[in-house]
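These numbers come from the heavy atoms of this one structure, side chains and all, not from hydrogens, waters or symmetry mates.
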There are 2 protein chains.
Amino acid sequence: MSARSHSATSGSASSPSGPAGSGFCLDDLLCFAVYSAEHAFTRAYRPLLKALDVTYPQYLILVLLWRKDGQSVKALGEQLHLDSGTLTPLLKRLEVAGIVRRARNPADERVVNIFLTDAGRALEANAQEVLRAMGSAIGLCEADAVELREKMIALRDRLNAAVE
Amino acid sequence: MSARSHSATSGSASSPSGPAGSGFCLDDLLCFAVYSAEHAFTRAYRPLLKALDVTYPQYLILVLLWRKDGQSVKALGEQLHLDSGTLTPLLKRLEVAGIVRRARNPADERVVNIFLTDAGRALEANAQEVLRAMGSAIGLCEADAVELREKMIALRDRLNAAVE
DNA sequence: CGCAATTAAATTGCACCCAACTGTTTTTGC
DNA sequence: GCAAAAACAGTTGGGTGCAATTTAATTGCG
């Protein structure tokens, strides 16, 4: 008898707006709430990141590198939950843009380490402005944002665990 | 003096795991929590939806059509926050799969209405099983799931409002 | 009525994301 | 030592998502 909650059954009284059909409402689904919030974040970031000339996933890579430079493709992938099929072309684009440098690890030729260029490091200053703008767009006090973030991380980890 | 919270400043004491660098930690960012939770949902749905032979965005379209058949491309797009550039090829794939039928609206030839086929309607029964499995993977009681969902929807709407 | 503005889909081009596979390099098990 | 297994990045192909443009149909205003 494990957890059995739905948040998304076709439940009797949960859809005040439903005009027709037998199905459930999209806004009843937690998965859709997360799906559409994610798109809203991407949309909100887009104009801000245009100033840095990077996309949102590229920005997440930069966040990791600003914190710790020279990480391997695998290490970056584990933190973002992305594999080389996504990362290799993305990192190549960052390299072409002059933001990172890719270098085989001499001690282990299987590994490629990613290093920020001077230009890549310089972007961090601009990113502070992005953070500030997003903080105000989110429109939550610090405590509420932290609580929501922790719940999302916990949800993510449970979902990942359920897929093994 | 509008809202000014970040949930994501490089804040003093928020990163217990931080080994290096000047930047902030990825898990400190609410946007990343949502980003990775969304991917976790997609990953969790993938094996379940494989039984129906549809992808996750295709499933969301079906949820809308099960509720109300014959909606226009525009109507579907407004509910999913997607435009015709995404929907047209997706709906064509559903049509090729024999799940929906696309038909120009005789009353307004600009509009294309999407109708479920018998096969498309038949999938709804299987979807109940998907819902049940996701409910247990989410691992939240109904009340917590509803609360989290409402907070995500509110966050999404604030973000969308911030982009105009 | 007639034509400009608007609306709906479709198209094009680019970036992301994943599954499946390939080619090296390193580690392991004997 | 050396062959099998594992690890890592890269490649390919298909689906998603969005900006910008195009085409066709409708509306609205003079």
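Going from atom CG of L60(A) over to atom C1' of dC16(C) covers 12 Å, rounded to whole Å. When the P atom of dC18(D) is taken as reference, atom CD of E78(B) falls 14 Å away, rounded to whole Å. The CG-C1' distance, from D108(B) to dA9(C), rounds to 11 Å in whole Å. Atom P of nucleotide dC17(C) and atom CG of L91(A) are separated by 12 Å, given to the nearest angstrom. L49(A) places its CG atom 13 Å from the P atom of dA19(D), with the value rounded to the nearest Å. Distance L87(B) CG to dA8(C) P: 13 Å, rounded to the nearest Å. The CZ atom of R104(B) sits 8 Å away from the C1' atom of dA24(D) (whole-angstrom rounding).
A donor-acceptor distance shorter than 3.5 angstrom exists from the side chain of T88(B) to the backbone of S84(B), with no hydrogens or angles considered. Listed for the R156(B) side chain is no donor-acceptor partner under 3.5 Å among the backbone atoms of S36(A).
Of the side-chain N and O atoms in K50(A), none sit less than 4.0 angstrom from OP1 or OP2 of dC18(D). A close approach under 4.0 Å does occur between a side-chain nitrogen or oxygen of T88(B) and OP1 or OP2 of dA10(C). At dA10(C), one or more side-chain N or O atoms of R102(B) fall inside 4.0 Å of OP1 or OP2 (strictly under the cut-off).
Look at E147(B) and K151(A) and you find a salt bridge, because one of the NZ, NE, NH1 or NH2 atoms lies within 4.0 Å of a carboxylate O, short of that distance. A salt bridge does not link R67(B) to E124(B): none of the charged nitrogens lies less than 4.0 Å from a carboxylate oxygen.
For the side-chain hydrogen bond (donor to acceptor under 3.5 Å, both in side chains) test, no residue two or more places apart in sequence or in another chain qualifies with D157(B). Under the side-chain hydrogen bond (donor to acceptor under 3.5 Å, both in side chains) criterion, R158(A) pairs with no residue, sequence neighbours left out.
Every pair passing salt bridge (Lys or Arg N to Asp or Glu O under 4.0 Å) that includes a residue from residues 111-121 of chain B is listed here, sequence neighbours excluded: D69(B)-R121(B), D118(B)-R121(B).
Taking every side-chain heavy atom of E109(A) into account, dT26(C) is the closest of dT11(C), dT26(C), dA25(D).
Aromatic rings of Y35(A) and Y56(B) (six-membered ring for Trp) have centroids within the 6.0 Å cut-off, being under it.
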With a 3.5 Å cut-off and sequence neighbours excluded, list the donor-acceptor pairs that the side chains of residues 95-103 of chain A form with protein atoms.
residue: E95(A); atom: OE1; partner: R102(A); partner atom: NE; Å: 3.2
residue: E95(A); atom: OE2; partner: R102(A); partner atom: N; Å: 3.2

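Nucleic acid contact class of T42(A) (heavy atoms, under 4.0 Å, all strands): none.
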Protein-nucleotides 13-17 of chain D N/O pairs closer than 3.5 Å?
residue: dT16(D); atom: OP1; partner: T55(B); partner atom: OG1; Å: 2.4
residue: dT16(D); atom: OP1; partner: Q58(B); partner atom: NE2; Å: 3.2
residue: dT16(D); atom: OP2; partner: R93(B); partner atom: NE; Å: 2.9
residue: dT16(D); atom: OP2; partner: R93(B); partner atom: NH2; Å: 2.5
residue: dG17(D); atom: OP1; partner: Y35(A); partner atom: OH; Å: 3.0
residue: dG17(D); atom: OP1; partner: H39(A); partner atom: NE2; Å: 3.4
residue: dG17(D); atom: OP2; partner: Y35(A); partner atom: OH; Å: 3.1

Taking only N/O atoms, report every protein-nucleotides 4-7 of chain C pair under 3.5 Å with atom names and distance.
residue: dT7(C); atom: O2; partner: R110(B); partner atom: NH1; Å: 3.1

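Nucleotides of DNA chain C nearest to K92(B) and A107(A) differ in position, and the one nearer the 5' end is that of K92(B). Each of S84(A) and N105(B) lies near DNA chain D, and the nucleotide nearest S84(A) is the one positioned closer to the 5' end.
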